[in-house]
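What's counted below: heavy atoms across the whole structure, side chains too, no hydrogens, waters or symmetry copies. Whatever order the structure lists them in is the order used to number ligands and atoms, beginning at 1.
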Amino acid sequence: MTDTSPAPEPAFFPNKLGRIALLAFEEIVGHNGLNAVLNRAGLGHWINNYPPGNYDTAFPFADLGQIQCALEELYGPRGGRGLALRAGRACFKHGLREFGPMVGISDLTYRLLPLNMKLKVGADVFSKTIDRLTGQVVRLDETPESLAWVLSRCPICWARQAEAPCCHLAVGLLQESLYWVSGGKNFLVEEVACIAQGDAACTIKVDRQPVD
Ligand SMILES: [Zn+2]
């Protein structure tokens, strides 16, 4: 435990994002698996009762943290981390279907941009969409080699305390978005600082060069 600050005030996602997250977890661990996770997390009220696909802000950030915590308890830290990464990737696919047309990254014009422009434009669009949907301010730090997402209020690890960076869902989401943006390349995505372990902000670093 490195974080001794008081628990943050409750904050909420639009229902639609909570729904996407639950559908993504279900896709990865199965219906029964997710029921077990939700029970373990003390979130049995979501079983067979996912939030509706609307924009009412009623899905607590903290529920996402509880779910990831329960995943680690049930599947072990390594197993839970792997599943959360995969759920993050699934979140992107569901999210793209919902929001892609709205933000314009499904357009052919976007698809035809050169890769480094796509990374830049995609990162901008993505952070603005997150800002709009969650009220979280995402800052983008750029170096010639990398882009870093800096979240000073992170919805993924809200109210969590951890020994190591734990926003695997966000890492998976970024991995999949980069895979999609680049037409099938993999990038090194790493969370280098995390509020849950006492850092001032969650920072997820992305190498500009794909690994393959
Ligand atoms: Zn975080």
message = For the NZ atom on Lys118, are there more than 12 heavy atoms of other groups (residues, nucleotides or ligands in this structure) within a distance under 6.0 Å?
response =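 Result for NZ/Lys118: enclosed.
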
query = More than 12 heavy atoms of other residues, nucleotides or ligands under 6.0 Å from OH of Tyr75: is that the case?
reply =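 Count over threshold, so yes.
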
inquiry  = With a 4.0 Å cut-off on N to O distance, would you call Arg81 and Glu72 a salt bridge?
reply    =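 The answer is no: the pair does not qualify as a salt bridge.
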
inquiry  = Regarding Glu176 and Arg86, does a basic nitrogen lie under 4.0 Å from an acidic carboxylate oxygen?
reply    =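 Judged by the 4.0 Å cut-off on N to carboxylate O distance, Glu176 and Arg86 do not form a salt bridge.
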
request  = Confirm or rule out an N/O/S atom of Cys194, from backbone or side chain, lying less than 2.8 Å from the Zn ion (ligand 1).
outcome  =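 Not a single backbone or side-chain N, O or S atom of Cys194 is under 2.8 Å from the Zn ion (ligand 1).
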
key: the Zn ion (ligand 1) to nearest N/O/S of Cys154 below 2.8 Å   =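 Short answer: yes, at least one N, O or S atom is under the cut-off.
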
query = Please state the angle at the Zn ion (ligand 1) spanned by SG of Cys167 and SG of Cys202: what is it, rounded to 10 degrees?
reply =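 It comes to 120°.
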
